[in-house]
Asks: 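The structure is given below, and queries will be raised subsequently.
Everything quoted here is computed from the prediction, not taken from an experiment.
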Amino acid sequence: MTVILEITPLPYGEDPLAYFQALRDRPGAVLLDSGKPAAPGGRYDIISCDPVSVITVDGQGVVRIDDEVQHGLNPFLAQQALLDSLTHELPHSDLPFLGGLIGYWGYDLGRTLEPVGQSARQVVSLPDSRAGLYDWALIQDHQRHESWLVATPERRIQVLGWLQRNVAPLGDFQLLAPFEGEMDRDGYARRFYAVQHYIRAGDCYQINLAQRFSAPFSGDLWKAYLRLRQATPTPFAGYMSWTASRGRQAILSLSPERFLHCDAEGHIETRPIKGTRPRGDTPEEDEKLARELTESLKDRAENVMIVDLLRNDLGRVCRPGSVRVPQLCGLESYANVHHLVSIVCGQLAAGKRPLDLLAAAFPGGSITGAPKVRAMQIIDELEPSRRSVYCGSLGFVDVRGNMDTSIAIRTAVADDERIHLWGGGGLVADSAVEAEYVETLDKIRHLMQALTAHGLE
């Protein structure tokens, strides 16, 4: 018997927080957050919980669906097979998600695709990928000011009951000690000069070098996410949490960067970010910093390199001749930084699906360097620990072929009562060590300050 998916209108809200607050303690609760009403650029919030199944990939590339090991399966093919198992009869709708996969694909999942190396140690115990198969969603459209519940009749009754229950009060969150970096300034400088050696030797043109910071915490991670969201609303944000053997694990992502968007007709868009300046304290200083960024030959060169890499990645799965660049090095401004953002588009080739696209372009070139595989090998050699979710992707793939994913920068990861943050930047031949070190801090200083709020003063 075919189960019919139905679309039910709900009261519209300017942000997703009230709806998600009612569901956040449910198993597998997920929020893909447009950052509205404060963030520019985003349109949809997608909320769900209680997935039909959960598929994970561990640090050795072993795939599990729920608790069952799937031997010898490619992670992306396994995810596609799970997605294909959702066989609801679908209504005609232009909503982005009518059931499918929601989750994350961590940076280290790239080890299953390319010979990266095994030098960096695994500090964070989250799986390399974790995605739920969701047969319902609550979707808010901030362009049309509408909210919808997409669910079977049975699920609709269940979800409406969850939304009407008394919401648990918001708990406190606090850091128990200040953030500590994995490398000091001298340690960063040694790695910086190692990158310069590789560039001069011709191994690579650009390397994205990152450093990790961590701190112990206690309390409610949803409260932590709310602090981060208030400090830096962004259009590709997300919150996911679950219980694992080591306790509560969570992803708190405030990403400004889209990785891959694909619609049901196979139209593809990616929006790489390369080039950053902080916002100024006065309008005059802010305009000066923005102009400095747009006129920087170094930053533009970094951006163009990544655009070329992404054109090549998309070309692996796109119709020949369809890849184009409608925006090159455009200025976009967010709460704390200015960025140079380009747009690369293409048309998915016949027989290719969104997860083929994700595998072909993963991880995003804007956070590896070029050429990609050699850059990832150098990152593995120089960064002391694996990146976990950082520089991977959060997003969804729906049953009709819609996909939208972020690059998981400006992202905190909670694991074993510690919270981790990473800051990084692209290094090229004419990079300056002090400027690059400061840039890694500029990108996440506001996140650290938001998490420290009301504690450790």
Asks: Could you grab the distance from atom OG1 of T411 to atom CG of L254, nearest 0.5 Å is fine?
Replies: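 Between T411 OG1 and L254 CG, I get 7.5 Å after rounding to 0.5 Å.
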
Asks: So, Q327 side chain and V341 main chain: donor-acceptor pair closer than 3.5 Å or not?
Replies: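 Side chain of Q327 to backbone of V341: a pair is present.
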
Asks: Using only atom types and a distance under 3.5 Å, with no angle test, would you say the side chain of K274 pairs donor to acceptor with the backbone of S366?
Replies: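 Checked: pair present.
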
Asks: Donor-acceptor pair, distance only, cut-off 3.5 Å: does the side chain of N402 make one with the backbone of A264?
Replies: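 The answer is yes, because a donor-acceptor pair under 3.5 Å joins these two groups.
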
Asks: Any donor-acceptor pair under 3.5 Å linking the side chain of S393 with the backbone of S406?
Replies: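 Yes: the side chain of S393 pairs with the backbone of S406.
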
Asks: Run the side chain to side chain contact (heavy atoms under 4.5 Å, CB included) check on W422 and I367 step by step: do they pass?
Replies: CA-CA 12 Å; W422 291 258; I367 44 70; over 6 Å; no

Asks: Scan V150, L5, D135 and name whichever one has a side-chain contact (heavy atoms from CB on, under 4.5 Å) with R155.
Replies: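 So the option named by the test is D135.
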
Asks: Run through L328, L309, D313, V307 and flag the one making a side-chain contact (heavy atoms from CB on, under 4.5 Å) with V344.
Replies: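 Checked L328, L309, D313, V307 against V344; only one passes side-chain contact (heavy atoms from CB on, under 4.5 Å): V307.
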
Asks: Roughly how far, to the nearest 0.5 Å, is CZ of R277 from CG of L331?
Replies: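 If we round to the nearest 0.5 Å, L331:CG and R277:CZ are 11.0 Å apart.
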
Asks: Any side-chain to backbone donor/acceptor pair from Q347 onto E265? Under 3.5 Å, distance only.
Replies: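 Side chain of Q347 to backbone of E265: a pair is present.
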
Asks: Side-chain contact test, heavy atoms from C-beta onward, threshold under 4.5 Å: evaluate it for L101 versus L133 and give yes or no.
Replies: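 Heavy-atom side-chain distance check passes, below 4.5 Å.
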
Asks: Taking all non-hydrogen atoms of both residues into account, name the closest pair between D108 and S388 and its distance.
Replies: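 Nearest pair, atom of D108 first, then S388: OD2-N, 2.8 Å.
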
Asks: Quick one: ring-ring contact (aromatic ring centres under 6.0 Å, His included) partners of Y134, sequence neighbours excluded?
Replies: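 With sequence neighbours excluded, Y134 shows a ring-ring contact (aromatic ring centres under 6.0 Å, His included) to no residue whatsoever.
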
Asks: Would you call R165 and D25 a salt bridge, taking side-chain N to carboxylate O under 4.0 Å as the test?
Replies: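 No, R165 and D25 are not salt-bridged.
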
Asks: Tell me, with the steps shown, if R227 and Q230 meet side chain to side chain donor-acceptor pair (under 3.5 Å).
Replies: CA-CA 5 Å; R227 286 191 198 167; Q230 183 177 22; over 6 Å; no

Asks: Who are the ring-ring contact (aromatic ring centres under 6.0 Å, His included) partners of Y437, not counting sequence neighbours?
Replies: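 ring-ring contact (aromatic ring centres under 6.0 Å, His included) list for Y437, sorted by chain: Y188.
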
Asks: State, yes or no, whether a side-chain contact exists between R24 and L31 at a heavy-atom distance under 4.5 Å.
Replies: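 No, too far: nothing below the 4.5 Å cut-off.
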
Asks: Which distance, rounded to the nearest 0.5 Å, do you find between the SG of C345 and the NE2 of H261?
Replies: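 One gets 10.5 Å once the value is rounded to the nearest 0.5 Å.
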
Asks: Using a 3.5 Å distance criterion without hydrogens, assess whether the side chain of Q211 forms a donor-acceptor pair with backbone atoms of G181.
Replies: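 No: the side chain of Q211 does not pair with the backbone of G181.
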
Asks: Would you list the pairs meeting ring pair (Phe, Tyr, Trp, His ring centres under 6.0 Å) in which at least one residue belongs to residues 216-240, sequence neighbours left out?
Replies: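 Applying ring pair (Phe, Tyr, Trp, His ring centres under 6.0 Å) to every pair that reaches into residues 216-240, excluding sequence neighbours, yields F20-W222, F20-Y239, F173-F217, W222-Y225, W222-Y239, Y225-Y239.
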
Asks: Is it true that R64 and D58 make a salt bridge, defined as a side-chain N closer than 4.0 Å to a carboxylate O?
Replies: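 Yes, this pair counts.
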
Asks: When you measure from the side chain of T405 to the backbone of L260, do you find a donor-acceptor pair of N or O atoms at a distance under 3.5 Å?
Replies: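 Yes, the answer is positive, given that a donor and an acceptor are paired below the 3.5 Å cut-off.
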
Asks: Around atom CD of E14, are there more than 12 heavy atoms from other residues, nucleotides or ligands closer than 6.0 Å?
Replies: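 Atom CD in E14 is not crowded, with 12 or fewer foreign heavy atoms closer than 6.0 Å.
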
Asks: Quick check: does any side chain N or O of D45 sit under 3.5 Å from a backbone N or O of S34, one acting as donor and the other as acceptor?
Replies: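 Confirmed, D45 side chain pairs with S34 backbone.
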
Asks: Is the shortest heavy-atom distance from the side chain of Q143 to the side chain of Y44 under 4.5 Å?
Replies: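 A side-chain contact is absent here, since even the closest heavy-atom pair is not under 4.5 Å.
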
Asks: How far apart are the C-alpha atoms of R248 and S241, what are their side-chain angles, what is the distance that settles it, and do they pass the side chain to side chain donor-acceptor pair (under 3.5 Å) test?
Replies: CA-CA 7 Å; R248 201 72 173 162; S241 68; 3.2 Å; yes

Asks: Given side chains that start at C-beta, do those of V57 and P127 come closer than 4.5 Å, heavy atoms only?
Replies: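 A side-chain contact under 4.5 Å is absent here.
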
Asks: Does this structure show an ion pair linking D380 with R111, if we count only N-O contacts that are shorter than 4.0 Å?
Replies: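 Counted as a salt bridge, because a side-chain N and a carboxylate O are separated by less than 4.0 Å.
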
Asks: Check the pair L126 / W242 against side chain to side chain contact (heavy atoms under 4.5 Å, CB included), numbers first and verdict last.
Replies: CA-CA 10 Å; L126 272 69; W242 62 93; 3.8 Å; yes

Asks: Run the side chain to side chain contact (heavy atoms under 4.5 Å, CB included) check on I268 and C318 step by step: do they pass?
Replies: CA-CA 9 Å; I268 297 166; C318 280; 3.5 Å; yes

Asks: Parallel, tilted or perpendicular, judged at 30° and 60°: which one describes the rings of W162 and W136?
Replies: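 W162 vs W136 ring planes: tilted.
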
Asks: Determine the minimum heavy-atom distance between G103 and M240, stating which atoms define it.
Replies: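 Closest pair (atom of G103, atom of M240, distance): O-CE, 3.3 Å.
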
Asks: Who are the side-chain hydrogen bond (donor to acceptor under 3.5 Å, both in side chains) partners of Q70, not counting sequence neighbours?
Replies: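 If we apply the side-chain hydrogen bond (donor to acceptor under 3.5 Å, both in side chains) test to Q70, skipping adjacent residues, there are no hits.
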
Asks: For G425 and E439, which heavy atoms make the closest approach, and how far apart are they?
Replies: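 Answer, listing the atom of G425 first, then E439: CA-OE2, 4.2 Å.
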
Asks: Going through the checks in order, is the side chain to side chain donor-acceptor pair (under 3.5 Å) test met by R212 and S385?
Replies: CA-CA 8 Å; R212 180 176 62 88; S385 60; 3.1 Å; yes

Asks: Hey, are R43 and D141 close enough for a salt bridge, meaning a charged N less than 4.0 Å from a carboxylate O?
Replies: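 Between D141 and R43 there is a salt bridge, with a charged N closer than 4.0 Å to a carboxylate O.
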
Asks: For T368, is there any backbone N or O sitting under 3.5 Å from a side-chain donor or acceptor partner on N208?
Replies: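 Pair absent, no side-chain N/O of N208 close to backbone of T368.
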
Asks: Is D281 atom CG crowded by more than 12 heavy atoms from other residues, nucleotides or ligands, each under 6.0 Å away?
Replies: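 Count not over threshold, so no.
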
Asks: Which heavy atom of S53 sits nearest a heavy atom of I65, and at what distance?
Replies: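 Nearest pair, atom of S53 first, then I65: CB-CG2, 4.2 Å.
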
Asks: Decide yes or no on side chain to side chain contact (heavy atoms under 4.5 Å, CB included) for R386 and V123, but give the supporting numbers first.
Replies: CA-CA 7 Å; R386 296 187 180 188; V123 174; over 6 Å; no

Asks: How long is the straight-line distance from CG of L289 back to CG of L293, given to the nearest 0.5 Å?
Replies: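 The distance works out to 9.0 Å.
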
Asks: Supply the atom-to-atom distance Q249 CD to E417 CD, rounded to the nearest 0.5 angstrom.
Replies: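 If we round to the nearest 0.5 Å, Q249:CD and E417:CD are 10.5 Å apart.
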
Asks: Give a yes or no on whether the backbone of I407 and the side-chain of S255 come within a donor-acceptor separation of less than 3.5 Å.
Replies: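 Side chain of S255 to backbone of I407: a pair is present.
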
Asks: Which heavy atom in S218 sits nearest to a heavy atom in L176, and how many Å separate them?
Replies: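 Heavy atoms of S218 and L176 come nearest at OG-CD2, 3.7 Å.
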
Asks: Once you round to the nearest 0.5 Å, how far does CG of L95 lie from CD1 of I139?
Replies: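 Going from the CG atom of L95 to the CD1 atom of I139 covers 4.5 Å.
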
Asks: A quick test of your reading: do over 12 heavy atoms of other residues, nucleotides or ligands sit less than 6.0 Å from CZ of R418?
Replies: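 Above 12, so yes.
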
Asks: Just so I know, are the side chains of L175 and I419 near enough to count as touching, which here means a heavy-atom distance under 4.5 Å?
Replies: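 They are in side-chain contact.
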
Asks: Distance-only check: which donor-acceptor pairs under 3.5 Å involve side-chain atoms of residues 355-365, not counting sequence neighbours?
Replies:
unit_1 : atom_1 : unit_2 : atom_2 : d
D356   : OD2    : R353   : N      : 2.8

Asks: Quick one, M448 and L421 - any side-chain contact, counting heavy atoms below 4.5 Å?
Replies: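 Yes, at least one pair of side-chain atoms sits under 4.5 Å.
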
Asks: Answer whether the closest heavy-atom distance between the side chains of F76 and L113 falls below 4.5 Å.
Replies: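 Yes, close enough: below the 4.5 Å cut-off.
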
Asks: Using every non-hydrogen atom in the two residues, find where P354 and M403 come nearest and quote the distance to one decimal.
Replies: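 Here P354 and M403 meet closest at O-CE, 3.5 Å.
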
Asks: Please list all pairs passing the salt bridge (Lys or Arg N to Asp or Glu O under 4.0 Å) test where one or both residues lie in residues 330-350, with sequence neighbours left out.
Replies: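 Found R271-E332.
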
Asks: Indicate yes or no: at least one non-hydrogen side-chain atom of V63 is less than 4.5 angstrom from one of Q79.
Replies: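 Sidechains of Q79 and V63: no contact.
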
